[in-house]
Amino acid sequence: MSEQVDTRIERLVRELNEHNYRYFVLGAPAVSDEVFDRLMAELAELEAAHPDRVPPDSPTRRVGSDLSGSFPAVRHEVPMLSLDNTYSEADLVEFDARLRRELPGEALEYIAELKIDGVALSLTYENGLLVRGVTRGDGVQGEEITPNVRTIRSIPLRLRGSDEHCEVRGEVYLTRENFDAINKERAQREEPLFANPRNTAAGSLKMQDPRLVAERNLSFFAHGLMTPEPQHDRHAGSLDRLERLGFPVNPERRHCSSTDDIVTYWRAWDQDRESLPYEIDGIVVKLDALAQQARVGTTAKSPRWAFAFKFSAERVRTRLLKIALQVGRTGVVTPVAELEPVLLSGSTVSRATLHNAEELERKDIREGDAVVLEKGGDVIPKVVAVVESERPPDTRPFDFPETCPVCESNLVKDESEVAIRCVNSGCPAQLKGRIRHFASRTAMDIEGLGQALVDQLVDTELIRDAGDLYALEVEKVAELERMAETSARNLINALERSKAQPFHNVLFALGIRHVGATVARTLADHFGSIDRLRDATAEEIEAIHEIGGAIAASVHAFLRDENNAAVIDKLREAGLTLEGEEQTAAGPKPLEGKTVVVTGSLTRWGRQQAQEAVRAAGGKPTSSVSKKTDIVVAGENAGSKLEKAKELEIEILDEDEFASLIGVA
């Protein structure tokens, strides 16, 4: 029996650690929250019964972490604990009964709040001003992301009517509307869609450039207030106080005097959650009286006076009619399920992703199968299981073709990405995808060049690559279906306007594999022109901070391809910007030849912006302090890099001195 227990614990630990990795590191969860929580509960129960057999790497030994190492670490004055959770009404009743045993004879009142499916954040205010924003991290310490936090407009930079010192905790989230807009743009660029608003919000907060964070339009709800001298004796009073200080506090909270009240609230929102403009995955129940919270206390992981009462993910059955294949701009062939339309989480679903050939084979998904659908993160429909008992007798395993469904060229397996690709870069489907990406808002922003028009331009062979766009004539475009002279002239004018896009937009628009908007900006800032970038070796490209080997190899190969070179020549002849502004700047540069490290939090710039300022002033930004470092720019909470600079007697500038040196007011 003991051997069976050891084996089960070992298996659960291995499985849960893998799920944690997929969720926190890859941002691609493989199971629903409900499945994960059930596995975690089983492990916790086994370990409680056999405390001598708890392995050192058990996920029950720690609070989940979102530490990435890319931002300064900050220790929380009061740990940010996780909440115990349940999907069971019986567990709610037991929670209430336990509190009544620990607080005998006392009246218990609860506050029930919606559980926002977002990212926990701690905000510190001094003299009424926002001075620090920190992620939850591992619960003991988090990462300071103050420049990114300042971009969230619902977070006040100054408290209303108060100059007090306090810490505010809450959730950063992304509305459904903003999430859909982001994924719509990514779909136009044929980039992988984000799985859900929560992961997108988490990834946005960890971006290095606050300007890109600002474009995500994140939102915030406050739910906790900590002050040196508490001004309220109840949690409800703290929420009211937060509103007066200028914070958004979710209005859908309820005072509950019994478990029946809580269940009624929970059931109502389980039914109505689709009516909200943001995602929720349950409710949070807290003892209202702060004195009772203090007496009940906490465990090492969780407060004992609160817990999360979560909703089960909605699942439906339908019939898979056909497995279709889509070819993206990079040649990746993706299987897609065409389904009998079915209502799921408030919307009608007729298509769902099947991810890749390995997923098809692993789940043995076949045309004609009855399948179970779930919305991943309550957003993207996916096939989670096959109902084998309802499988028609004449079904056959799906046979992935060896040739492209569009151009009939050979397909090859890309082991590095578990993908199957069409090897023909001239494939019409790839060309259409590349043109749509080139024209997208975050690339060349060519208004009016939508999917239908791109299809016609390629099918009629008016264009064979992005460079041909700038040779289009009004008369030829006007002859296309659903086009006329006015709309054709509007397109030509939009193409002309796009020539003003900066170099980093053009570089992103080229559609180089692995090169997103942020990487394109980094490459453009570092090399300054397409010619310098083309002349660089793969090793020189990889040496840039945050540029890895795969990106460097991809850029190097792309720019040396004859077909790509021909496209770039067409773009140059058309007058597109293929060098940065600094290429034409004249006069001496104050940081010419200097190696500069920026550390700590700055008020004028985010980390990426400060590095761009260093480059614009002729300097070379690096991330580590050494004897070769000439200057260290130290903001708030500079930490170990500042100490090392002092040891090495390196010149240290504060933010104002740095701004003065490079001529910024």
Side-chain angles (χ1 to χ4, degrees), residues 76-86 91-116 118 120-125 128 136 154-156 159-171 220-266 268-269 280 282-299 301-310:
H76 297 298
E77 288 190 20
V78 177
M80 294 184 73
L81 303 177
S82 61
L83 292 175
D84 284 334
N85 60 72
T86 184
D91 288 345
L92 167 65
V93 172
E94 172 53 32
F95 169 77
D96 178 74
R98 175 177 59 78
L99 291 179
R100 292 185 186 280
R101 289 193 298 270
E102 296 186 18
L103 301 168
E106 298 185 27
L108 301 187
E109 302 290 337
Y110 298 101
I111 297 296
E113 305 167 62
L114 299 184
K115 186 177 182 298
I116 309 301
L121 186 68
S122 165
L123 306 171
T124 300
Y125 288 79
R136 178 173 169 273
S154 51
I155 293 177
L159 300 177
R160 291 178 63 86
S162 173
D163 58 359
E164 65 187 82
H165 295 249
C166 65
E167 181 181 351
V168 175
R169 291 181 176 179
E171 293 285 318
F220 179 76
F221 274 132
H223 59 59
L225 174 64
M226 292 183 290
T227 57
E229 297 294 333
Q231 301 180 20
H232 304 278
D233 59 3
R234 291 190 172 271
H235 176 60
S238 295
L239 296 178
D240 293 340
R241 173 67 176 160
L242 283 167
E243 288 183 323
R244 292 194 296 273
L245 291 174
F247 292 93
V249 178
N250 196 289
E252 306 297 345
R253 54 190 185 272
R254 179 181 295 181
H255 178 271
C256 298
S257 299
S258 67
T259 55
D260 288 343
D261 289 347
I262 295 171
V263 170
T264 298
Y265 177 82
W266 175 74
W269 281 112
I280 62 173
I283 67 171
V284 176
V285 181
K286 302 175 184 175
L287 269 178
D288 190 20
L290 301 184
Q292 289 179 333
Q293 290 184 11
R295 289 203 298 277
V296 171
T298 67
T299 67
K301 289 173 47 183
S302 308
R304 303 179 73 245
W305 42 266
F307 84 115
F309 196 1
K310 300 181 77 173

Drop me the distance from [X]'s [atom1] to [Y]'s [atom2], to the nearest 0.5 angstrom.
X    : Y    : atom1 : atom2 : answer
L287 : Q293 : CG    : CD    : 6.0 Å
W305 : D288 : CH2   : CG    : 11.0 Å
I280 : K310 : CD1   : NZ    : 12.0 Å
L81  : L83  : CG    : CG    : 8.5 Å
T227 : R241 : OG1   : CZ    : 8.5 Å
E113 : I283 : CD    : CD1   : 10.0 Å

Nearest heavy-atom neighbours spanning [X] and [Y]:
X    : Y    : answer
T259 : L92  : O-CD2, 3.9 Å
C166 : L159 : SG-CD1, 3.9 Å
M80  : S122 : SD-CB, 3.8 Å
L225 : S238 : CD2-O, 4.2 Å
R101 : P104 : O-CD, 3.5 Å
R100 : S257 : NH2-O, 4.3 Å

Given 3.5 Å as the limit, does a donor-acceptor pair link the side chain of [X] with the main chain of [Y], or not?
X    : Y    : result
D163 : G128 : no
D84  : S302 : no
Q231 : G237 : no

Parallel, tilted or perpendicular, as decided by the 30° and 60° cut-offs, for the rings of W269 and Y265: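 Rings of Y265 and W269: perpendicular, as their planes differ by over 60°.
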
With E109, the side-chain hydrogen bond (donor to acceptor under 3.5 Å, both in side chains) member among H235, Q292, H255: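 That would be H255; it is the only one of H235, Q292, H255 passing the side-chain hydrogen bond (donor to acceptor under 3.5 Å, both in side chains) with E109.
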
Carboxylate-amine/guanidinium proximity below 4.0 Å for E102 and R304: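 Salt bridge flag = yes for R304 with E102.
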
Salt-bridge present (E171, R136; N to O < 4.0 Å):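 Answer for the salt bridge query: no.
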
Candidate pair F221 and L114, rule side-chain contact (heavy atoms from CB on, under 4.5 Å), full reasoning: CA-CA 10 Å; F221 274 132; L114 299 184; over 6 Å; no

Residues forming a side-chain contact (heavy atoms from CB on, under 4.5 Å) with A294, sequence neighbours excluded: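 Expected list: none.
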
Set of residues satisfying ring pair (Phe, Tyr, Trp, His ring centres under 6.0 Å) with respect to F220, sequence neighbours excluded: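 If we apply the ring pair (Phe, Tyr, Trp, His ring centres under 6.0 Å) test to F220, skipping adjacent residues, there are no hits.
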
Residues D96 and Y110: side-chain donor-acceptor under 3.5 angstrom: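 Yes, a side-chain donor-acceptor pair sits under 3.5 Å.
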
Residues V78, R169; criterion side-chain contact (heavy atoms from CB on, under 4.5 Å); working and verdict: CA-CA 11 Å; V78 177; R169 291 181 176 179; 4.0 Å; yes

R98, CZ: over 12 other non-hydrogen atoms inside 6.0 angstrom: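 It does: R98 CZ has more than 12 such atoms within range.
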
side-chain contact (heavy atoms from CB on, under 4.5 Å) assessment of V168 paired with L245: CA-CA 10 Å; V168 175; L245 291 174; 5.6 Å; no

Minimum side-chain heavy-atom gap F309-T86 below 4.5 Å: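 SC-SC contact between F309 and T86 confirmed.
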
From CA spacing to verdict: side-chain contact (heavy atoms from CB on, under 4.5 Å), H223, N250: CA-CA 8 Å; H223 59 59; N250 196 289; over 6 Å; no

Salt bridge (charged side-chain N to carboxylate O under 4.0 Å, His left out) contacts touching residues 246-256 (sequence neighbours left out):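 Found D240-R253, E243-R253.
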
